[in-house]
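In what follows, a structure is listed as structure tokens, so that the remarks can point back to it.
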Protein chains: 2
Amino acid sequence: MRGSFTAKGQATRGRIIQGAAAVLRERGVAMMTLDDVLARTSTSKSQLFHYFPGGKDELLLAVAQFEADQVLEDQQPYLGCLDSWDAWYRWRDTVIQRYEEQGDHCPLGSLFLQIGRNTPGARAIVTELLRQWQEHLATGIRAMQTAGHVPASLDVDRTAAALLAGIQGGVSILLSTGRSTHLHAALDEGIMTLRNAASAAI
Amino acid sequence: MRGSFTAKGQATRGRIIQGAAAVLRERGVAMMTLDDVLARTSTSKSQLFHYFPGGKDELLLAVAQFEADQVLEDQQPYLGCLDSWDAWYRWRDTVIQRYEEQGDHCPLGSLFLQIGRNTPGARAIVTELLRQWQEHLATGIRAMQTAGHVPASLDVDRTAAALLAGIQGGVSILLSTGRSTHLHAALDEGIMTLRNAASAAI
DNA sequence: CAAAAAATGGACCTGCAAGTCCAATCTGGT
DNA sequence: ACCAGATTGGACTTGCAGGTCCATTTTTTG
């Protein structure tokens, strides 16, 4: 199927996805129409349905995947080497900056509320994203343990899970209220927990 | 305006809101139509537009308010008297149970993604809910300080904010993945933070 | 260079769901 | 009992957005 697309076809397909993502950030899922996407990408209906035979749902799913890939990329290279307190703080700043810039549109969240959890594809995308994200955090914590900055007795998975939850909640509150206070608090608390665990263990 | 509704009218209005809330939990915002609501509540179009002249948006807003009121109520009486470790754990169990039962539909989240943050009404509802929620948590933490279980040096507002963020994120992950692991972790970490602060201060 | 396959343009269809309207019925006050 | 205003029923309109179709152009391939 996908192999039958030529290079030009792939390019068009990609353009449609990116255009849809842009429209989505501007207008939100509820307000986005296929015609918006066509207008923005200078493509025609037949093209859209040529590359996304499943119609709107398939397109939204593709955009969801596109946005999901972006999330972790935007946190690099910091998320990949959380091996010192300084690295953790730099990563924290990156996260906060990214989501403050994003403003009050959450492509992923709204997307998959629209697509619905029922569709297996949507759920898989989010689940996989969260899994990778948490794994990065856990790896970072383990690195700190290895370096002796955090006691080995700390429950890595639970700490990472809690931190990830805090971030998610912080972002979702930022979307709701426009204030990044909670995201800030969640990140600071999370890192502080690591540090306190360290000092408490002394 | 509202005063001109008779008792019967108010009852109908209420029925419509509750019916809409039910439909919403079942089918999700994207899939809900006014006709669904009419069918479920045995009312007619003219009634719906009589009580909600603003149409669908106004109805959704009313449902949002209805659901928001529910959220804190469901956590009572525990949320109101977080003055011992035992009380905190009972509250935690209540929260987890409530959201595990709710399954994978978030009336508020989806609602106000649909209505959009742009509308002032929607934003106000969520902001106020979060404010009250966090205030309850802060009050609880202060009670623990007063009782000497938590050191007075603890930054109450930040801790409460982080805990609230963790809950929000935990719930949103529960909605996405169907697993309550993160909600669990966030609550446990949050309470553990209070306890560790206590022991660290000794 | 010719045939086949892919890519594109855009008119058209269709169904649905929000919102309108008016006539009919009920209810509460005097 | 009577009247005004509130309530209700449901047919009708309307616009839009998703999806179909086919003719045309471009590209690949042999």
Side-chain angles (χ1 to χ4, degrees), chain A residues 1-24 26-64 110-111 114-116 118-119 122, chain B residues 1-20 22-24 26-64 110-111 114-116 119 122:
Chain A
M1 280 296 138
R2 179 170 302 182
S4 69
F5 291 154
T6 133
K8 190 180 179 186
Q10 291 275 8
T12 304
R13 195 186 131 99
R15 233 173 60 235
I16 293 177
I17 293 179
Q18 291 197 335
V23 172
L24 228 97
E26 282 172 19
R27 311 175 66 99
V29 200
M31 293 278 96
M32 162 191 149
T33 77
L34 294 187
D35 289 313
D36 290 335
V37 178
L38 301 184
R40 142 115 29 183
T41 59
S42 306
T43 47
S44 65
K45 264 228 172 118
S46 68
Q47 282 174 289
L48 199 153
F49 280 88
H50 183 73
Y51 296 109
F52 304 93
K56 196 180 193 181
D57 283 353
E58 190 179 341
L59 174 59
L60 287 179
L61 212 59
V63 175
S110 52
L111 260 176
Q114 172 82 4
I115 309 178
N118 12 11
T119 44
Chain B
M1 279 298 141
R2 178 167 306 181
S4 67
F5 292 151
T6 97
K8 191 179 177 188
Q10 290 276 9
T12 303
R13 195 187 131 98
R15 230 172 63 233
I16 293 176
I17 293 180
Q18 293 198 334
V23 172
L24 229 96
E26 284 173 17
R27 310 175 65 98
V29 201
M31 292 278 94
M32 163 190 149
T33 78
L34 295 187
D35 289 314
D36 288 337
V37 178
L38 301 184
R40 142 115 30 182
T41 58
S42 305
T43 47
S44 68
K45 268 246 167 98
S46 69
Q47 283 174 288
L48 199 153
F49 280 87
H50 183 68
Y51 296 109
F52 304 92
K56 195 180 191 180
D57 283 353
E58 190 179 341
L59 174 59
L60 287 179
L61 212 60
V63 175
S110 52
L111 260 176
Q114 171 80 5
I115 309 176
T119 45

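Within every chain, numbering begins at 1; the chains are lettered A, B, ... in the order of the sequence lines, protein sequences first and strands thereafter. Note that this is a predicted model, so its numbers are computed, not measured.
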Q: Considering non-hydrogen atoms only, spot the tightest contact between B:Ile16 and B:Leu48 and give its length.
A: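 Of all heavy-atom pairs spanning B:Ile16 and B:Leu48, the closest is CD1-CA, 4.1 Å.
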
Q) Contact class for A:Ser44 (heavy atom, under 4.0 Å): base, sugar-phosphate, or nothing? A)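 Base contact - A:Ser44 has a heavy atom under 4.0 Å of at least one base atom.
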
Q: Identify whether any heavy atom of B:Thr33 sits under 4.0 Å from a base atom; if not, whether one sits that close to sugar-phosphate; answer base, sugar-phosphate or nothing.
A: sugar-phosphate

Measure the distance from [atom1] on [X] to [atom2] on [N] and round it to the nearest whole Å.
{"X": "A:Asp57", "N": "D:dA17", "atom1": "CG", "atom2": "P", "result": "16 Å"}
{"X": "A:Leu48", "N": "C:dG10", "atom1": "CG", "atom2": "C1'", "result": "14 Å"}
{"X": "B:Phe5", "N": "C:dG28", "atom1": "CZ", "atom2": "P", "result": "16 Å"}
{"X": "A:Phe52", "N": "D:dG18", "atom1": "CZ", "atom2": "P", "result": "14 Å"}
{"X": "B:Leu38", "N": "C:dA17", "atom1": "CG", "atom2": "P", "result": "12 Å"}
{"X": "A:Gln10", "N": "C:dA6", "atom1": "CD", "atom2": "P", "result": "13 Å"}
{"X": "B:His50", "N": "C:dG19", "atom1": "NE2", "atom2": "P", "result": "17 Å"}
{"X": "A:Asp35", "N": "C:dC13", "atom1": "CG", "atom2": "C1'", "result": "14 Å"}

Quick one: is [N] close enough that its OP1 or OP2 comes under 4.0 Å of any side-chain N or O from [X]?
{"X": "B:Lys8", "N": "D:dT7", "answer": "no"}
{"X": "A:Tyr51", "N": "C:dA6", "answer": "no"}
{"X": "B:Lys45", "N": "D:dG10", "answer": "no"}

Q: Mind checking the OH-CD1 spacing from A:Tyr51 to A:Ile17? Nearest 0.5 Å is all I need.
A: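 Spacing of OH (A:Tyr51) from CD1 (A:Ile17) equals 12.0 Å.
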
(Q) If I take atom CZ from residue B:Arg13 and atom CG from residue B:Leu59, how far apart are they, to the nearest 0.5 angstrom? (A) 9.0 Å

Nearest-neighbour nucleotide for the [X] side chain, [options] considered:
{"X": "B:Gln47", "options": "D:dG19, D:dG9, C:dT8", "result": "D:dG9"}
{"X": "B:Phe49", "options": "D:dT8, C:dT20, C:dA17", "result": "C:dT20"}
{"X": "B:Thr12", "options": "D:dT28, C:dT8, D:dT8", "result": "D:dT8"}
{"X": "B:Thr6", "options": "D:dT7, D:dG10, C:dT8", "result": "D:dT7"}
{"X": "B:Lys56", "options": "D:dT20, C:dA18, D:dA17", "result": "C:dA18"}

Q: By nearest nucleotide on DNA chain D, pick out whichever of A:Leu34 and B:Arg15 is the more 5' one.
A: B:Arg15

Q.
Can you classify the ring geometry of B:Phe5 versus B:His50 as parallel (below 30°), tilted (30 to 60°) or perpendicular (above 60°)?
A. tilted

Q.
Tell me whether B:Gln47 contacts the main-chain N or O of B:Ser44 through its side chain, where contact means a donor paired with an acceptor under 3.5 Å.
A.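 Answer holds: yes.
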
